[in-house]
Amino acid sequence: MGVTRVNVTVRNISAPDRSWSGLFVVDTGATDSMVPREFLEAIGLSPLRQRTYRLGDGRSLTFDITEARLEFMGKATAKDIIMGGPGSEPLLGVTALESTGMEVDPVSETLKELPAVRLVGMRVEPGRTGN
């Protein structure tokens, strides 16, 4: 499978007119999305807390986290964003994909909308549509 990329706008939730846009690698192995710190700070975002992540090679690293609105392919979601190091590649993580109802199409290597968002474990009475 190749690399899927998508244009994403990161918007400051408190000051929506402040934003940064870039090409993100879609990383379905990453929980959260990541943007280089300098781009987040340029739109007025600062660290809110820290979180430890396990990397693919087994190491654990602690990163600063902020919150922002992510917009891509006509969808939007507010999410935790990892404040990446200088020169780090912007990543779009799986929580942003899931919350917008998107998934990677492995054949075309593009994002596509899910026909329905998964809601496992919900019980609906017979004859009821959930509305």
Side-chain angles (χ1 to χ4, degrees):
M1 188 162 139
V3 176
T4 301
R5 297 179 190 275
V6 65
N7 288 308
V8 178
T9 297
V10 180
R11 197 169 299 281
N12 184 323
I13 297 169
S14 300
D17 58 314
R18 298 186 72 182
S19 66
W20 174 81
S21 296
L23 192 60
F24 283 55
V25 170
V26 178
D27 187 349
T28 58
T31 301
D32 292 329
S33 299
M34 180 170 65
V35 175
R37 175 185 294 271
E38 63 264 25
F39 300 131
L40 296 170
E41 289 176 342
I43 63 171
L45 297 173
S46 57
L48 299 175
R49 60 191 169 282
Q50 292 188 324
R51 183 175 296 147
T52 302
Y53 291 87
R54 183 171 311 269
L55 305 182
D57 65 6
R59 290 180 299 145
S60 293
L61 292 178
T62 300
F63 291 94
D64 288 335
I65 302 294
T66 192
E67 294 173 355
R69 181 179 166 99
L70 298 174
E71 302 170 356
F72 58 98
M73 296 184 65
K75 307 283 186 177
T77 185
K79 288 286 162 211
D80 287 348
I81 308 293
I82 301 167
M83 300 182 86
S88 59
E89 188 160 31
L91 300 176
L92 186 64
V94 71
T95 57
L97 294 176
E98 289 177 347
S99 67
T100 57
M102 303 295 282
E103 68 179 354
V104 176
D105 180 337
V107 175
S108 66
E109 297 178 354
T110 60
L111 292 183
K112 68 176 186 177
E113 194 166 357
L114 291 166
V117 177
R118 295 176 194 93
L119 188 59
V120 179
M122 181 178 173
R123 294 178 187 247
V124 178
E125 297 172 25
R128 185 159 182 208
T129 61
N131 294 333

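- D57 is linked by a salt bridge (charged side-chain N to carboxylate O under 4.0 Å, His left out) to R59, counting only residues two or more places apart in sequence or in another chain.
- In this structure, F24 and M34 approach most closely via the heavy-atom pair CE2-O, 4.0 Å.
- For the side chain to side chain donor-acceptor pair (under 3.5 Å) test, residues two or more places apart in sequence or in another chain that qualify with T9 are S21.
- Atom OG of S60 and atom CG of L55 lie 7.0 Å apart (nearest 0.5 Å).
- For I43, the side chain to side chain contact (heavy atoms under 4.5 Å, CB included) partners two or more places apart in sequence, or in a different chain, are V10, R18, W20, L45.
- Evaluation of the side chain to side chain contact (heavy atoms under 4.5 Å, CB included) rule for I65 yields R49, R51, Y53, D80, I82 as partners, not counting sequence neighbours.
- The shortest non-hydrogen separation linking P16 to R11 is O-NH1, 2.7 Å.
- The existence of a salt bridge linking K112 and E103 is confirmed by a sub-4.0 Å separation between a basic side-chain nitrogen and an acidic carboxylate oxygen.
- The side-chain heavy atoms of K79 and E67, taken from C-beta on, include no pair separated by under 4.5 Å.
- The shortest distance between side-chain heavy atoms of D32 and F63 does not fall below 4.5 Å.
- Pairs passing the side-chain hydrogen bond (donor to acceptor under 3.5 Å, both in side chains) check and including a residue from residues 85-96, sequence neighbours excluded, read R5-E89.
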Verdict with reasoning, L61 to T52, per side-chain contact (heavy atoms from CB on, under 4.5 Å) = CA-CA 5 Å; L61 292 178; T52 302; over 6 Å; no

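- In plain terms, the two heavy atoms of P36 and P90 that are nearest each other are CD-CG, 4.0 Å.
- The side chain to side chain donor-acceptor pair (under 3.5 Å) check on D64 picks up R37, Q50, with sequence neighbours excluded.
- Between L97 and the choices T77, V6, T28, D27, the side chain to side chain contact (heavy atoms under 4.5 Å, CB included) rule is met once, by T28.
- Atom CG of L92 is separated from atom CE of M102 by 9.5 Å, given to the nearest 0.5 angstrom.
- A single hydrophobic cluster is seen to contain both V104 and V8, as judged by linkage of ILVMFWY side chains at heavy-atom distances under 4.5 Å, directly or through other members.
- Between the CG atom in L70 and the NZ atom in K75 there is a gap of 14.5 Å [rounded to 0.5 Å].
- Hydrophobic clustering (side-chain heavy atoms under 4.5 Å, transitive across Ile, Leu, Val, Met, Phe, Trp, Tyr) groups V3 together with L91.
- You'll find the side chain of S33 reaches within 4.5 Å of the side chain of I81, heavy atoms only.
- Here the shortest heavy-atom pairing between E38 and P86 reads OE1-CA, 3.9 Å.
- Under the 4.5 Å side-chain contact rule for hydrophobic residues, V94 and V35 do not share a cluster.
- Scanning both residues, S46 and M83, for their nearest heavy atoms gives C-SD, 4.1 Å.
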